[in-house]
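Sequence positions, counted from 1, serve as the residue numbers for this chain. Numbering of ligands and ligand atoms starts at 1, following listing order.
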Amino acid sequence: KEVTIISAPFSAGQRNGGVEKGPKYLLKHGLKEDLEALGWKVSLEEPLKGSGLDLPPSETSQEIFEAGNSRMRNPTIVGQATEKIFETVKSVAHKKVFPLTIGGDHAIGMSTLAGFLDAYPDACVLWIDAHADINTPDTSPSGNLHGFPVSFAMGLKRDLWHKQFDWLDNAKTKLLANRIAYIGLRDVDAGEKVILRDLGIAAYSMYHVDKYGIAKVVEMALSKINPSGKSPVHISYDVDALDPLFTPATGTPVRGGLTFREGMYIVEAVAETGNLAALDIVECNPDLAISNVHEFDTIAAGCAIAKSALGETLV
Ligand code: ARG
Ligand code: MN
Ligand code: MN
Ligand code: MN
């Protein structure tokens with residue numbers, strides 16, 4: 001039982017300062033000690049340390065890369081940072097150590113998916129989020145790269161990428177459409193809906209959670225992406241999947257989200273299968289908290305998700 005916490009204090013995938021402080025706050029809340037108390041040997045990796053890639057948007061020059069009718073913001077910084085995080089996740093996963101990557105914004109999802117799939121080509125992914133994060137340069141309404149990581153891990157619209165993402169070509173395994181399922185969606189861009197439909201990706205929105213209940217949704221999602229029940233599962237958890245009542249300090253909150261218990265149930269149920277082998281916790285932004293209670297609730301939720309994913313049970 002060995003886990004490496006990969007700290008990814010990174011915010012250039014979107015435009016709010018503060019999300020780069022997420023790892024520090026999660027660690028200050030006791031994440032490492034909590035996992036040790038569960039019996040894990042815990043180490044810490046900081047791939048961005050000393051690189052200058054961990055600065056808030058206000059302290060970096062803003063870049064816009066346009067090609068035809070496509071657009072992305074800050075590709076140089078995002079490309080450099082995500083490559084470093086990819087190398088770390090990949091080496092941790094190859095050692096058969098559990099990679100727990102803490103963000104930072106969700107752009108780092110391209111690193112964690114590519115890095116984990118490099119070591120486990122048969123892996124499958126549960127993307128827990130209000131958003132699908134599967135925009136391509138020609139569908140993104142914002143150009144913010146935290147809305148792209150799934151499309152990058154799949155290699156969609158490769159010809160529209162900035163050269164700083166060439167590192168993804170060296171990742172051994174591309175994410176396939178039948179190896180990812182979403183839970184919690186409620187703010188999906190028009191172009192993303194087309195991609196989800198065209199590729200037949202399993203997407204459980206809040207409508208499905210209401211209709212079937214969270215237990216059934218998790219069961220349906222896992223049976224779609226992991227029919228054999230034998231593949232390792234990677235959960236990429238954007239805290240904005242939860243209703244803003246529970247995780248208010250996040251950059252793109254959308255009301256009508258998962259309750260705290262529904263959100264916890266997902267990781268508890270996957271942990272129970274014994275297949276969970278990688279986890280990301282992203283988009284905690286303490287600077288967006290309008291009170292100490294908001295800050296505490298958001299950070300505590302991130303830590304609670306990690307603990308339950310790594311085996312804490314209620315009784
Ligand atoms: N779909 C929107 C965009 O691409 C929002 C993405 C939000 N992503 C996130 N990781 N919170 O700009
Ligand atoms: Mn989101
Ligand atoms: Mn939107
Ligand atoms: Mn996200």
Practice task
Please report the number of protein N, O or S atoms that lie less than 2.8 Å from the Mn ion (ligand 4).
Solution key: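 Under the 2.8 Å cut-off, the count stands at 4.
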Exercise for the section: Using distance alone, with no hydrogens and no angle criterion, decide if Glu45 and Thr88 have a side-chain donor and acceptor under 3.5 Å apart. Expected result: no
Practice task
State, without any angle test, whether Asp133 and His131 hold a side-chain donor-acceptor pair at a distance under 3.5 Å.
Solution key: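 Asp133 vs His131: no donor-acceptor pair found between side chains.
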What atoms of ligand 1 come closer than 4.0 angstrom to any heavy atom of [X]?
X: Asn135; answer: 1 (N), 3 (C), 4 (O)
X: Asp189; answer: 1 (N), 2 (C), 3 (C), 4 (O)
X: Gly147; answer: 4 (O)
X: Ser142; answer: 3 (C), 4 (O), 12 (O)

Between [X] and ligand 1, which part of the residue brings a heavy atom under 4.0 Å of the ligand: side chain, backbone, both or neither?
X: His146; result: both
X: Glu283; result: side chain
X: Asp238; result: side chain

Applying side chain to side chain contact (heavy atoms under 4.5 Å, CB included), can you list everything that pairs with [X], at least two apart in sequence or on another chain?
X: Glu83; result: Trp167
X: Glu87; result: Lys90
X: Leu156; result: Ile134, Thr136, Ser151, Met154, Ile195, Leu199

[X]-[Y] co-clustered via ILVMFWY side chain contacts under 4.5 Å:
X: Leu100; Y: Val97; answer: no
X: Val188; Y: Ile128; answer: no
X: Tyr25; Y: Leu27; answer: yes

Handout entry: Option whose closest heavy atom lies nearest to atom 6 (C) of ligand 1, chosen from Asp129, Asp133, Asp240, Thr252
Key =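 Closest candidate by heavy-atom distance is Asp133.
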Exercise for the section: Search all heavy atoms of Ala271 against all heavy atoms of Ala309 and return the closest pair with its distance. Expected result: CB-O, 3.5 Å
Problem - Closest contact, heavy atoms only, Val19 versus Cys284 - result: CG2-O, 3.6 Å
